[in-house]
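Read the structure below first, then the notes.
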Amino acid sequence: MMINKVLTVIGARPQFIKAAAVSRALQKENIAEIIVHTGQHFDSNMSKIFFDEMDIPKPAYNLDIHSLSHGAMTGRMIEEIEKILKVELPDIVLVYGDTNSTLAGALAAQKLHIPIAHIEAGLRSFNLKMPEEVNRILTDRISSYLFCPTDKAIENLKTEGFENYPFTILKSGDVMQDAALYYEKVSDQQSTIIKDLKLEKSKFILCTLHRQENTDNRERLLNIINAYNELSKDFKIILPLHPRTQKIIKESLINLDFDIIDPVGYFDMIQLIKNSEFIITDSGGLQKEAFFFKKYCITTRDETEWVELVENGFNVVVGANKEKIILEVQKVSQKTANFDMDLYGNGKASENIVKNLLA
Ligand code: UD1
Ligand code: UDP
């Protein structure tokens with residue numbers, strides 16, 4: 001299609017990383033991009049650091065909407081994004097992934113009949129209790145372009161009958177791999193986190209923990225934290241902890257037997273991934289990044305959207321089960337897998353997306 005102006009709606013940490021890759025591809029084609037930051041993530045180490053490090057174009061608008069319930073947050077975002085769309089009149093709206101910012105951007109655009117491109121379309125956990133699952137299903141259903149990262153994502157859309165709709169459904173690959181490949185070198189040059197934290201290569205486990213289904217369920221949260229406490233007797237645990245989880249742990253007086261660190265920027269994160277022994281996480285993005293940097297991943301969720309990682313033996317899904325987490329940790333050292341597989345497009349996803357938008 002003829003595109004002169006793109007409007008991108010982002011608001012949460014993983015979206016900054018994804019948008020960094022696509023913004024660069026848009027710039028190469030001289031397409032004007034207006035960035036709307038909803039404000040969903042707002043701490044400097046959850047937002048500003050990514051724009052600064054990764055040269056993401058400065059948002060033209062920051063809506064400063066955050067720390068609200070799902071309905072209030074999404075509703076206020078829709079209202080404000082609609083006002084901006086009426087002024088900017090973009091040819092297309094880009095949204096990423098499955099956060100409340102994603103859904104708000106998509107709903108505001110579709111009501112004004114502005115086509116939507118959904119990047120990271122077609123993923124499913126089949127768990128409707130996850131806010132992310134609701135956001136992604138609804139966004140897919142009203143998007144004109146569905147850029148799927150994997151074969152499984154394409155298959156999910158076919159199963160749901162998406163072929164019957166006048167949508168463009170394409171396997172683009174995963175833009176997070178574009179980012180990982182592009183920023184690895186500069187991270188190698190600039191990050192000092194390994195030295196600063198006095199870490200030794202392959203001598204620590206990198207962990208993250210922030211998903212609502214784990215943090216807002218005391219039993220699940222305690223199971224995971226207790227697994228980490230137990231593991232900390234034998235392993236160095238590096239846990240850059242999302243503010244959501246930091247607040248809950250503090251408020252509920254949950255005991256940690258090791259020191260956490262605050263969230264880190266992407267360059268530091270790449271070094272932590274590359275130098276870790278393996279990863280334990282409930283993050284969506286980090287499961288893939290573990291694979292990009294050839295690390296095994298133990299996933300503390302009941303299901304994953306990235307099933308190809310599990311099928312090929314790179315990832316194991318253990319839920320919030322203390323015993324299972326510890327058992328899988330014991331198994332990791334015996335594992336041997338060949339990580340040299342092209343599951344996510346090998347760094348060409350953003351280019352594919354922009355090429356197909358312009359076709
Ligand atoms: C959101 C996404 C989730 C994604 C995650 C990425 C939704 C429904 N969820 O979850 O899919 O995996 O982002 O990290 O959109 N907070 C701060 N400082 C910040 C950001 C958040 O203190 O910079 C606090 C908020 O005040 C709030 C809590 O963290 O109390 C949760 O934030 P919210 O944006 O609602 O959801 P996330 O858990 O970040
Ligand atoms: N990340 C980061 N610093 C951190 C934790 C995560 O830069 O302290 C990056 C991580 O490498 C990945 C992205 O943030 O690129 C994943 O975001 P998150 O886990 O918050 O969200 P999800 O992917 O689960 O939606």
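Atoms within each ligand, like the ligands themselves, are counted from 1 in listed order.
At a 4.0 Å heavy-atom cut-off, ligand 1 does not touch Ser47 at all.
A salt bridge links Lys274 with Glu184: the distance from a Lys NZ or Arg NE/NH1/NH2 to an Asp or Glu carboxylate oxygen falls below 4.0 Å. Looking at Arg136 and Asp140, no side-chain N of the basic residue comes within less than 4.0 Å of a carboxylate O on the acidic one, giving no salt bridge. We find that Glu328 and Lys331 are joined by a salt bridge, their nearest charged nitrogen and carboxylate oxygen being less than 4.0 Å apart. Using a 4.0 Å cut-off between charged side-chain N and carboxylate O, Lys288 and Glu120 make a salt bridge. A salt bridge links Arg244 with Asp216; the closest basic N to acidic carboxylate O contact falls under 4.0 Å. With respect to the salt-bridge test (charged N to carboxylate O, under 4.0 angstrom), the residues Lys111 and Glu82 do not qualify. Using a 4.0 Å cut-off between a side-chain N of Lys or Arg and a carboxylate O of Asp or Glu, Glu88 and Lys5 qualify as a salt bridge.
In the model, Asn315 has a side-chain atom that pairs as donor or acceptor with a side-chain atom of Thr299 under 3.5 Å. For the residue pair Gln246/Asp262, the side-chain donor-acceptor check at 3.5 Å is satisfied. When only modelled atom types and interatomic distance are considered, Tyr61 and Glu80 share no side-chain donor-acceptor pair under 3.5 Å.
Interface of His70 with ligand 1, defined as ligand atoms under 4.0 Å from a residue heavy atom, comprises 8 (C).
Among protein heavy atoms, atom 35 (O) of ligand 1 sits closest to Met73 CE, 3.4 Å. Considering only non-hydrogen protein atoms, atom 37 (P) of ligand 1 sits nearest to Arg244 NH1, 3.6 Å. The nearest protein atom to atom 18 (N) of ligand 1, hydrogens excluded, is given as Asp43 OD2, 3.0 Å; this is a heavy-atom distance. With hydrogens left out, the protein atom closest to atom 5 (C) of ligand 1 is His210 NE2, 3.7 Å, a heavy atom. Scanning the protein heavy atoms around atom 19 (C) of ligand 1, the nearest turns out to be Phe42 CE2, 3.5 Å. Ranking the protein heavy atoms by distance from atom 2 (C) of ligand 1 puts Thr99 CG2, 3.9 Å first. In terms of protein heavy atoms, atom 1 (C) of ligand 1 is closest to Gln40 NE2, 3.7 Å. Considering only non-hydrogen protein atoms, atom 30 (O) of ligand 1 sits nearest to Lys247 NZ, 3.6 Å.
Where the criterion is an N or O separation shorter than 3.5 Å, residue side chain and backbone included, Ser67 meets it with respect to ligand 1. Residue Pro243 places no N or O, backbone or side chain, under 3.5 Å from any N or O of ligand 1. Between Glu132 and ligand 1, a contact under 3.5 Å exists for at least one N or O pair. Considering both main-chain and side-chain atoms, Asn100 comes within under 3.5 Å of ligand 1 through a nitrogen or oxygen pair.
Put simply, no part of His66 is less than 4.0 Å from ligand 1, judged by heavy atoms.
By the salt bridge (charged side-chain N to carboxylate O under 4.0 Å, His left out) test, Glu311 pairs with no residue at all, sequence neighbours left out.
Nearest-heavy-atom check against atom 10 (O) of ligand 1 across Lys48, His41, Gln212 picks out His41.
Nearest heavy-atom pair, Glu230 versus Ile326, reported as atom, atom and distance to 0.1 Å: CG-CD1, 3.5 Å.
Within 4.0 Å of ligand 2, counting heavy atoms only, the contacting residues are Arg13, Pro14, Ile17, Phe50, Met176, His210, Arg211, Pro240, Pro263, Val264, Gly265, Tyr266, Met269, Ser283, Gly284, Gly285, Glu289.
The cationic group of Lys294 does not satisfy the cation-pi geometry with Phe339, failing either the under 6.0 Å distance to the six-membered ring centre or the 45° limit from the ring axis.
In this structure a side-chain-to-backbone donor-acceptor pair under 3.5 Å is missing from Asp98 to Glu133.
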